[in-house]
Amino acid sequence: MKRRILAALAAVALGLGFAGAGAASATAAQPPAVVKYVALGDSIAAGQGGGVPLDSCARTDGGYAAQLDDVPRTNLLRNAACTGATIEDTWDQLSQVNRGTTLVTLTVGANDLGLDEVYAQCATVPDGGDLNACLAAVQAAIGGAPALVEPLAMLIGAIAQRAPNATIVVTGYPHLLEPVNLELCLEFLSIEVCQALSSLVVAVNTATDALNAAIEGAAALAAGTGANVVYADVVDAFAGHGMQLVPEAPSDPWFGTDPVNDPAGFLHPTFEGYTAYMQVILSKL
């Protein structure tokens, strides 16, 4: 009798073991969950320059949000971003995220510093514009960058509260201008012009660096209060693809360069630039 009981118990145990293994195998075989994605922010988040504008917010099918939507098992629920949006404006976009959201991207801050005005002021320098006025605009932008940290951190924290199950990826901005190769420049232009162009590039890209530092600081501040947020730096991803100010220099810009025929895309990333954004964002997930 004892042998029968032990045999029966062994059979039950063996059966449970097989059942457990089968359950584990079934669980392992389940596909990963679909990412429920919402994009927030300014014209970069909207995808301006990535294709034909689809609406008044300059959203396109070629922006990084749209390209992420093409990634398997990623579903872009809403792109709430809009051209011209500031940090304060982005609060109005938060109604688009909720507890079901599992990924939020955020690109914002450039309009708070008036970088578009900086670019406009500095764009005239290669054609004889006032370099000092450009540098003054850059210094004003750099000086204003630290003030963005707290309000941006508060915005990130609010996103985390509305979407507690989401990973929040906050992106920076790329360098707009490619460094001037002085040796090459001097083959075509005077040393005074080449030095002015070099100073212009350093100034404009330094303003971007100041903004990126503020954004990274805001992400760190929000993370310190419990937000599931990561910062995505795109500067290296755009290296070699900035706008070239020396006409004869080799150039492969990932920015719109034609203000006449493509005013919406001017100074915004192209489809290739947004692909770089997408790849950096994916690397953070």
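Because the structure is a prediction, the values reported are computed rather than measured.
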I'd like to know if the side chain of [X] pairs up with that of [Y] as donor and acceptor (distance under 3.5 Å, no hydrogens or angles considered).
| X | Y | answer |
| --- | --- | --- |
| Y64 | T171 | no |
| T105 | Y277 | no |
| D258 | N261 | yes |
| Y173 | D42 | yes |
| D209 | T206 | no |
| T270 | E272 | yes |
| E178 | S251 | no |

Roughly how far apart are [X] [atom1] and [Y] [atom2], rounded to 0.5 Å?
| X | Y | atom1 | atom2 | result |
| --- | --- | --- | --- | --- |
| Q48 | H268 | CD | NE2 | 3.5 Å |
| R78 | Y37 | CZ | OH | 12.5 Å |
| I281 | T74 | CD1 | OG1 | 11.0 Å |
| L176 | H241 | CG | NE2 | 14.5 Å |
| K36 | L76 | NZ | CG | 14.0 Å |
| L40 | L155 | CG | CG | 7.5 Å |

Report task. Indicate yes or no for a side-chain donor-acceptor contact from E88 to the backbone of D112 under 3.5 Å, with no hydrogens or angles considered. Result ->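 Not a single qualifying donor-acceptor pair exists.
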**Report entry** Heavy-atom donor-acceptor pair, D233 side chain to G172 backbone, under 3.5 Å
**Finding:**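 Between the backbone of G172 and the side chain of D233 there is no qualifying donor-acceptor contact (under 3.5 Å).
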Taking the side chain as C-beta and beyond, is there a heavy-atom pair between [X] and [Y] under 4.5 Å?
| X | Y | result |
| --- | --- | --- |
| I191 | Q195 | yes |
| L184 | L186 | no |
| V138 | C122 | yes |
| V204 | L115 | no |
| L211 | L148 | yes |
| N181 | V246 | no |
| L54 | D61 | yes |
| V169 | V229 | no |

How close do [X] and [Y] get, heavy atom to heavy atom, and via which atoms?
| X | Y | result |
| --- | --- | --- |
| Q93 | A80 | CD-O, 3.2 Å |
| A166 | L103 | CB-N, 3.9 Å |
| S198 | L182 | CB-CD2, 4.3 Å |

Query raised in the report: Is the number of heavy atoms from other residues, nucleotides or ligands within 6.0 Å of CD (E187) greater than 12?
Result: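 Yes.
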Query - Whether over 12 other heavy atoms sit under 6.0 Å from E248 CD - result: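 It does: E248 CD has more than 12 such atoms within range.
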Report task. Would you sort out whether I215 and V149 count as a side-chain contact (heavy atoms from CB on, under 4.5 Å), showing the intermediate values? Result -> CA-CA 6 Å; I215 294 170; V149 174; over 6 Å; no
Query raised in the report: When the ring planes of W254 and F238 are compared, do they come out parallel, tilted or perpendicular, using 30° and 60° as the limits?
Result: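 Because their plane-to-plane angle is over 60°, the rings of W254 and F238 count as perpendicular.
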